[in-house]
Amino acid sequence: MAHLIENEVFLAFSTYATIVILKMMLMAPMTAYFRFTRGAFANEEDVRGKTDEEKKKLLRTHPDVERVRRCHQNDLENIIPFVVIGLLYALTGPDLSTALLHFRVFVGSRICHTLAYVLPLPQPSRALSWMTGMAVTFSMAYRVLSTLHLWKMEKLTHMIDSEVFLAFSSYATVVILKMMLMSPMTSYFRLTKKVFANMEDTKLVSSTEDKKLVRVDPDVERVRRCHQNDLENIIPFVVIGLLYALTGPDLSTALLHFRVFVGSRIFHTIAYVLPLPQPSRGLSWMTGMAVTFSMAYRVLSTALYL
C-alpha cells in the first residue's frame with residue numbers, strides 16, 4: 001500500500017474522487033433542506049405530532065424537492081462508475097498530466113451539472129455537463145480495457161500480479177459501461193416520446209417551454225426502472241467482486257462468476273426493455289444475484305474476521 005500512497009496519479013485520483021463523493025453526499029442534506037423549507041415530506045413519522053389536517057398538507061411531493069432528488073440520482077448514476085473505473089485507470093499508470101485532465105474535467109462537469117439542475121439553468125447547459133462527465137469516464141474505461149487487453153500493465157504488475165484481478169477489471173468495466181448506457185437510453189426515449197421531467201428540458205423539442213410535455217410515459221419509466229435495477233445489482237457486484245478477486249480464487253472459477261454475471265445483466269436489460277415474457281427477466285436477475293452471493297460466501301469463508 002505504501003507504494004500506492006507515493007504514486008502521484010493515485011494521490012490525484014484519491015483527492016478528486018473524495019471531492020466528488022462529498023459533493024454527491026451533500027445532495028442528501030440539500031434534499032432535507034428543501035423538504036423542510038417547502039413543507040413536503042414522504043414519511044408519516046416525519047410529521048409526527050402534527051394534526052391530521054396538517055399531515056395531509058405536509059405529506060406530499062413538491063417540484064423543488066423532486067428536482068433535487070433527480071439530481072442526486074444522476075450523481076449516483078455517474079459518480080460511482082467514475083470512482084470505480086477511475087481507480088482501475090489510476091492503476092494502469094497513465095501520464096500524470098493526462099490523468100489530472102480527466103479528473104479535473106469530470107469533477108468540474110459534475111459541479112456544473114448540479115448548478116444547472118438545481119438553479120435551474122437553460123438547456124443544453126445541464127446536458128452538456130452530463131455528456132462531458134460521461135465522455136471522461138468512457139475515455140478512462142477505454143484506457144483500462146486497452147491496457148488490460150494488451151497486457152501492458154508493467155506499472156501495475158508489481159502491485160497486483162493476478163490474472164483474476166485483470167479479469168475482474170475487464171468484466172467490471174464492461175458491466176459498468178453497460179449500466180451507464182442506460183442514461184442515454186433514457187434520454188433517447190424522453191426525446192422520441194417527448195416526455196420530460198423538467199420544464200427547461202421541453203425546449204429541446206419545442207421553441208417555448210411546454211407544460212404539457214412534463215409528464216410520465218410507460219416506456220420511459222420502464223427504462224428508468226431497468227437502470228435502477230442495474231444500480232441495485234451491479235454496484236454490489238463490483239464491490240464484492242473486488243474483494244473476491246483479492247482472496248485469490250481459481251482463475252477458471254472466477255471467470256465463470258464474472259462471465260455469468262455480465263451475461264445475466266445484459267440479458268436482464270434486453271428482457272426488461274423489449275420486453276420479453278416472464279420469467280426471463282426474473283431468472284436473469286436471480287442468476288446475477290446468485291453469482292454475487294457466491295462470491296460473498298467465498299470472501300466471508302476466506303477472510304472472515306470478527
Side-chain angles (χ1 to χ4, degrees), residues 23-24 27-28 30-42 56-81 108-138 177-232 268-276 281:
K23 173 245 155 307
M24 178 177 70
M27 298 306 297
M30 185 182 290
T31 303
Y33 167 78
F34 275 92
R35 285 202 181 281
F36 278 100
T37 57
R38 304 303 191 263
F41 299 91
K56 288 180 182 179
K57 294 179 180 179
L58 294 173
L59 291 174
R60 62 189 180 95
T61 60
H62 190 281
D64 293 342
V65 174
E66 295 307 306
R67 176 178 289 276
V68 176
R69 292 182 68 227
R70 289 193 297 271
C71 185
H72 196 175
Q73 178 71 21
N74 193 278
D75 271 355
L76 289 167
E77 295 166 1
N78 290 272
I79 290 175
I80 292 173
S109 72
R110 293 312 303 176
I111 292 172
C112 289
H113 180 271
T114 297
L115 293 174
Y117 215 141
V118 175
L119 290 178
L121 300 179
Q123 285 282 32
S125 57
R126 193 179 83 242
L128 288 174
S129 58
W130 168 73
M131 287 189 287
T132 300
M134 180 82 74
V136 169
T137 304
F138 270 78
L177 291 178
K178 172 248 156 307
M179 178 177 72
M180 292 183 68
L181 286 173
M182 298 306 297
S183 288
M185 185 182 293
T186 304
S187 298
Y188 168 79
F189 275 90
R190 285 200 181 280
L191 291 171
T192 56
K193 303 289 183 180
K194 294 184 178 180
V195 175
F196 301 96
N198 307 292
M199 184 64 75
E200 68 271 17
D201 298 346
T202 62
K203 294 190 72 174
L204 293 171
V205 295
S206 175
S207 57
T208 58
E209 293 185 352
D210 189 350
K211 192 174 182 179
K212 294 179 181 178
L213 299 179
V214 180
R215 57 192 177 91
V216 295
D217 179 86
D219 293 336
V220 173
E221 293 307 305
R222 176 177 289 276
V223 177
R224 292 182 67 231
R225 290 193 300 271
C226 184
H227 196 174
Q228 182 66 32
N229 193 277
D230 271 356
L231 288 166
E232 294 165 0
H268 180 273
T269 298
I270 293 171
Y272 215 141
V273 175
L274 289 182
L276 299 179
R281 193 180 81 241

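We number each residue from 1, following the sequence as shown.
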Worksheet entry | Within residues 177-193 or reaching into it, pairs that qualify as side-chain hydrogen bond (donor to acceptor under 3.5 Å, both in side chains) - sequence neighbours excluded |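 As it turns out, the side-chain hydrogen bond (donor to acceptor under 3.5 Å, both in side chains) pairs with a partner in residues 177-193, which skip direct neighbours, are Lys178-Asp230, Lys178-Thr269, Lys193-Asp219.
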I need the minimum non-hydrogen distance between [X] and [Y], along with the two atoms involved.
X	Y	answer
Phe196	Val205	CE1-CG2, 3.5 Å
Gln73	Gln228	NE2-OE1, 2.9 Å
Ser206	Leu213	CB-CD1, 4.5 Å
Cys226	Val273	SG-CG2, 4.3 Å
Thr61	Ala40	C-CB, 4.3 Å
Val220	Val195	CG2-CB, 4.3 Å

For the [atom1] atom of [X] and the [atom2] atom of [Y], what is their distance to the nearest 0.5 Å?
X	Y	atom1	atom2	answer
Arg35	His62	CZ	NE2	11.0 Å
Leu276	His268	CG	NE2	11.0 Å
Met179	Asn229	CE	CG	11.5 Å
Met185	Met180	CE	CE	14.0 Å
Asp64	Tyr33	CG	OH	10.0 Å

Fill in: Main-chain N/O of His113 paired with Arg126 side-chain donor or acceptor, under 3.5 Å
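Judged by distance alone, no pair lies under 3.5 Å.
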Discussion item. Please check: side-chain N/O of Arg67 versus main-chain N/O of Leu119, any donor-acceptor pairing under 3.5 Å?
Written reply: no
Does the side chain of [Y] come within less than 4.5 Å of [X]'s, by heavy atoms?
X	Y	answer
Tyr117	Arg70	yes
Pro184	Trp130	yes
Asn78	Thr137	no
Val118	Met30	yes

Practice prompt. Under the side chain to side chain contact (heavy atoms under 4.5 Å, CB included) rule, collect the residues that match up with Glu209, sequence neighbours excluded.
Written response: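 By the side chain to side chain contact (heavy atoms under 4.5 Å, CB included) rule, Glu209 matches Met199, Glu200, Thr202, Lys203.
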Discussion item. Looking at Arg224, I'd like to know if its CZ atom is crowded, meaning that more than 12 non-hydrogen atoms belonging to other residues, nucleotides or ligands lie closer than 6.0 Å.
Written reply: no
Discussion item. Cation-pi check for Tyr272 against Arg281: NZ or CZ below 6.0 Å from the six-membered ring centre and within 45 degrees of the axis, yes or no?
Written reply: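 Ring-cation test returns yes.
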